[in-house]
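Input: a single structure, listed below in structure tokens.
Fair warning: this is a prediction, and the values are worked out from it, not measured in the lab.
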Amino acid sequence: MINTDFTPSRLDKAFAHFLSERCRLNAEQKQRFYELVKQLSFQQNHGHSCIAVDAQDQLLLLDSGLVSKQGRTPLILDNGYLFMHRYWSYERRLAEQIVKLSAKKYSAPDLETALDRYFGMKTELIDWQRKAAQVAVTQAFCIITGGPGTGKTTTVVKILALLQEIAQKPLLIALAAPTGKAAMRLQEAISKSKKQLPCSDEIAKQIPETVTTLHRLLGARPPSPYFHHHAKAPLPHDLVIVDEASMVDLALMAKLVDALRPGARLMLLGDKDQLASVEAGAVLADLTRAMPACTLELKKSFRFDDNIKEFSDAVNEQNATKAWQLLQAQQESIVYLKDDLIAFIVEKQRQYLALVKKTAAFEEIYLAFLNFQVLCSNRQGKNGTQEINNRVEQRLQALNLINKRGEWYSGRPVMVTQNNAAMHLYNGDVGICLHDENSGQLMVHFQNESGVKKYLPARLSYCETIFAMTIHKSQGSEFNEILIALPPAMNQVLGKELLYTAITRAKQKIIVAAEKHIFEQSIRQKTERFGGLAEKIIEAGLSGHDAEKGITAI
């Protein structure tokens with residue numbers, strides 16, 4: 001859904017002014033050109049990679065001297081949609097490379113026997129995990145999608161064992177995720193799943209457990225948008241697996257595929273029904289729509305109890321009436337909050353802050369904090385993260401549960417909001433400020449895939465308190481309990497994808513604080529993104545676009 005609440009930023013206006021001053025149109029036409037470019041800039045900053053333009057505007061744009069259908073102009077007109085050249089190029093390159101990658105097939109002798117060992121004997125019912133493994137082993141590109149608890153990680157670990165068994169020599173495998181939190185979750189899940197594999201110790205040792213962020217894998221070069229690994233300096237890996245792929249934006253996915261070495265495989269894992277990336281594009285949703293032959297969806301959940309599964313399905317299917325009825329039934333795992341919101345949150349933080357006060361081990365404090373999380377749709381306004389965090393801190397201070405004399409205090413949970421490769425901290429990393437026994441100072445502790453790191457608060461200028469966090473920021477995380485706090489009025493951010501993403505962060509319990517009409521209207525509002533990736537993939541596939549045909553032995 002294109003954002004109709006069109007309030008352009010100063011940057012949108014400045015960019016539109018810069019281009020319009022350089023076009024070759026008359027004054028009246030130049031004003032229309034300015035409005036179109038301003039809208040394109042605004043919509044791109046809200047996740048869309050293009051905007052639709054009518055036939056009259058298309059003629060005007062092509063007359064401007066700054067728009068073409070395939071050239072080196074700043075703007076590109078493609079099938080009635082206006083793109084910035086960079087994002088049009090990302091889509092075109094990604095489509096061509098993905099189609100070429102998907103055309104490469106592998107033969108695997110005695111695969112059925114191996115599949116029987118890992119997934120059990122075939123039955124009349126389709127085993128989608130087994131089917132996913134079959135596709136992943138025999139294709140260079142595949143997508144495994146499914147909701148939380150459907151066994152994506154378990155399936156992938158079995159696939160890795162299968163591939164290592166079949167390969168003529170051990171494969172070099174990279175495991176990656178968009179955020180540090182998602183990387184840690186995948187790392188923990190793989191470590192557990194490896195212990196249950198029906199394979200030799202030698203094969204199990206060949207399955208990596210270390211998971212990195214995509215920025216670390218590609219080698220970020222801040223402050224530039226470029227990476228150490230690219231088409232001319234590719235990654236060395238035989239296989240790259242990316243978890244939580246719904247969070248990967250168009251630019252990052254294009255750069256990842258650019259960096260694959262010739263002959264490498266790519267496997268994407270994620271939930272196509274979750275929120276799309278914060279930046280432009282809805283890559284996973286576009287890929288699953290355009291490439292059904294490469295996509296396997298796992299549907300049976302092994303994590304949720306039946307009530308949470310039914311609740312998430314009702315939201316995902318936009319059945320607002322059923323979802324509200326389930327919420328009002330007051331099941332043990334699905335609760336409608338009628339109590340004071342701030343008092344409820346403060347009570348939930350007592351155990352965590354008690355551990356902070358008695359200086360428990362960081363790992364214990366960290367796990368206690370991750371037990372419960374407040375998720376909000378918006379940063380600002382009533383029931384936004386800023387308001388809730390401020391009110392929670394004030395109440396905690398009044399109850400002497402924290403000693404807040406400034407911005408930093410012992411027990412302050414924070415999230416990094418900007419990438420800092422030099423400090424090995426990335427957007428979405430969660431830390432806790434604690435008194436350090438060795439230095440006697442406040443230090444912010446972070447746990448990532450390489451262990452616990454400590455930083456002086458003065459070095460962390462890009463952090464925010466997260467007693468409450470936005471649902472967008474919660475992607476890639478899991479909590480035993482979540483509280484979803486919605487605003488008292490509808491806005492463009494609210495939608496069924498947002499609620500579904502929030503609900504699927506919970507492992508055991510969901511608490512909702514929302515008015516009925518806001519809750520139901522949010523479910524009925526579906527968010528869609530304008531982009532041409534799916535169409536470009538279909539076109540590239542139909543035209544053959546240098547696709548590498550044939551079957552290769554693994």
- Query: Among all residues two or more places apart in sequence or in another chain, which pass the ring pair (Phe, Tyr, Trp, His ring centres under 6.0 Å) test with F467?
  - Reply: none

- Message: Does this structure show an ion pair linking K509 with E332, if we count only N-O contacts that are shorter than 4.0 Å?
- Response: no

- When you look at L256 and L214, which way does the side-chain contact (heavy atoms from CB on, under 4.5 Å) test go after all the steps? CA-CA 8 Å; L256 170 65; L214 280 170; 4.1 Å; yes

- Side chain proximity check, M267 to I144, heavy atoms < 4.5 angstrom: yes

- Item | Donor-acceptor contact below 3.5 Å, side chain D429 vs main chain V416 | no

- Task: Over 60° means perpendicular and under 30° means parallel, so classify the ring planes of F344 and F372, tilted if in between.
- Result: perpendicular

- Short side-chain to backbone donor-acceptor contact, N491 and L494, under 3.5 Å: yes

- Look at the side chain of E297 and the backbone N and O of T145, then say whether any donor-acceptor pair between them is shorter than 3.5 Å. no

- Do any N or O atoms from the side chain of Q373 and from the backbone of I466 form a donor-acceptor pair under 3.5 angstrom? yes

- Is the closest basic N to carboxylate O distance between E481 and K348 below 4.0 Å? yes

- Message: Between the side chains of K322 and E317, is the shortest nitrogen-to-carboxylate-oxygen separation below 4.0 Å, so that they form an ion pair?
- Response: no

- Task: Please confirm whether the backbone N or O of A177 pairs with a side-chain atom of E244, one donor and one acceptor, at under 3.5 Å?
- Result: no

- Find the distance between OG1 (T470) and CZ (R379) and round it off to the nearest 0.5 Å. 7.5 Å

- Task: Determine the minimum heavy-atom distance between S410 and L442, stating which atoms define it.
- Result: N-CD2, 3.8 Å

- Task: Test the R412-W408 pair against the cation-pi criterion, namely NZ or CZ under 6.0 angstrom from the six-membered ring centroid and within 45° of the ring axis.
- Result: yes

- Can you check whether D12's main-chain N or O pairs, donor with acceptor, with S9's side chain at less than 3.5 Å? yes

- Query: Between L175 and I190, is any pair of side-chain heavy atoms under 4.5 Å apart?
  - Reply: yes

- Quick one: pull up CE in M443 and CG in L434 and give me the separation to the nearest 0.5 Å. 10.5 Å

- Which atom pair, heavy atoms only, marks the closest approach of T385 to C376? CG2-CB, 3.8 Å

- CG-CG distance between L186 and L269, expressed to the nearest 0.5 angstrom: 7.5 Å

- Given side chains that start at C-beta, do those of Q475 and S246 come closer than 4.5 Å, heavy atoms only? yes

- Query: Should the pair K526-E497 be classified as a salt bridge under the 4.0 Å nitrogen-to-oxygen rule?
  - Reply: yes

- Query: Step by step, would you call H445 with Y455 a ring-ring contact (aromatic ring centres under 6.0 Å, His included)?
  - Reply: CA-CA 7 Å; H445 297 59; Y455 300 89; 9.7 Å; no

- Query: How far apart are the closest heavy atoms of A161 and C199, and which atoms are they?
  - Reply: CB-SG, 4.4 Å

- Task: Look at the rings of F519 and F311 and say which category their plane angle falls in: under 30° parallel, 30 to 60° tilted, over 60° perpendicular.
- Result: parallel

- Message: With heavy-atom distances below 4.5 Å as the criterion, would you say the side chains of I518 and S522 are in contact?
- Response: yes

- Message: Check this for me: does any side-chain nitrogen of one of D313 and K309 sit under 4.0 Å from a carboxylate oxygen of the other?
- Response: yes

- Item | Under 3.5 Å donor-acceptor, K158 side chain and Y118 backbone | yes

- Item | Residue pair N400 / K357: nearest heavy atoms and the distance that separates them | O-NZ, 3.3 Å

- Message: Between I484 and I510, is the side-chain contact (heavy atoms from CB on, under 4.5 Å) condition met? List the steps.
- Response: CA-CA 8 Å; I484 303 171; I510 298 161; 4.1 Å; yes

- Task: Check whether any side-chain heavy atom of I173 lies under 4.5 Å from a side-chain heavy atom of H237, and answer yes or no.
- Result: no

- Query: At what distance, to the nearest 0.5 angstrom, does NE2 of H228 lie from CG of L217?
  - Reply: 12.5 Å

- Query: Does a side-chain heavy-atom distance below 4.5 Å link Q492 with H46?
  - Reply: no

- Task: Over all heavy atoms of both residues, which pair between I388 and A468 is shortest? Give the atoms and the distance, please.
- Result: CG2-CB, 3.7 Å

- Query: Are side-chain heavy atoms of N438 and K454 found at a separation under 4.5 Å?
  - Reply: yes

- Might you work through the side-chain contact (heavy atoms from CB on, under 4.5 Å) test for N371 and Y352, ending with a clear yes or no? CA-CA 9 Å; N371 184 62; Y352 156 69; over 6 Å; no

- Note on the structure: One should read off an interatomic distance between M490 CE and R524 CZ, to the nearest 0.5 angstrom, of 10.5 Å

- Message: Let's go through E209 and K194 carefully: what are the C-alpha distance in whole Å and the side-chain angles of both, what is the deciding distance for salt bridge (charged side-chain N to carboxylate O under 4.0 Å, His left out) to 0.1 Å, and is it a yes or a no?
- Response: CA-CA 9 Å; E209 293 184 21; K194 275 178 64 173; 3.1 Å; yes

- Any sub-3.5 Å donor-acceptor pair from R505's side-chain atoms to T501's backbone N or O? yes

- K152 side chain vs G146 backbone, donor-acceptor pair below 3.5 Å: yes

- Message: Distance check, rounded to the nearest 0.5 Å: N378 atom CG versus L486 atom CG?
- Response: 9.0 Å

- Message: So V248 and V283, do their side chains get closer than 4.5 Å, heavy atoms only?
- Response: no

- Message: What verdict does the side chain to side chain donor-acceptor pair (under 3.5 Å) test give for Q397 and Y409, after you've listed the backbone C-alpha separation in whole Å, the side-chain angles of each residue and the deciding distance to 0.1 Å?
- Response: CA-CA 11 Å; Q397 178 80 350; Y409 55 90; over 6 Å; no

- Message: Using a 3.5 Å distance criterion without hydrogens, assess whether the side chain of S312 forms a donor-acceptor pair with backbone atoms of T504.
- Response: no

- Task: Any chance you could lay out the side-chain contact (heavy atoms from CB on, under 4.5 Å) test for L401 and Q349, step after step, and finish with the verdict?
- Result: CA-CA 9 Å; L401 294 173; Q349 298 298 344; over 6 Å; no

- Over all heavy atoms of both residues, which pair between I432 and Y366 is shortest? Give the atoms and the distance, please. CD1-CA, 3.9 Å

- Message: Counting only heavy atoms from other residues, nucleotides and ligands, does the tally under 6.0 Å from CD of Q351 exceed 12?
- Response: no

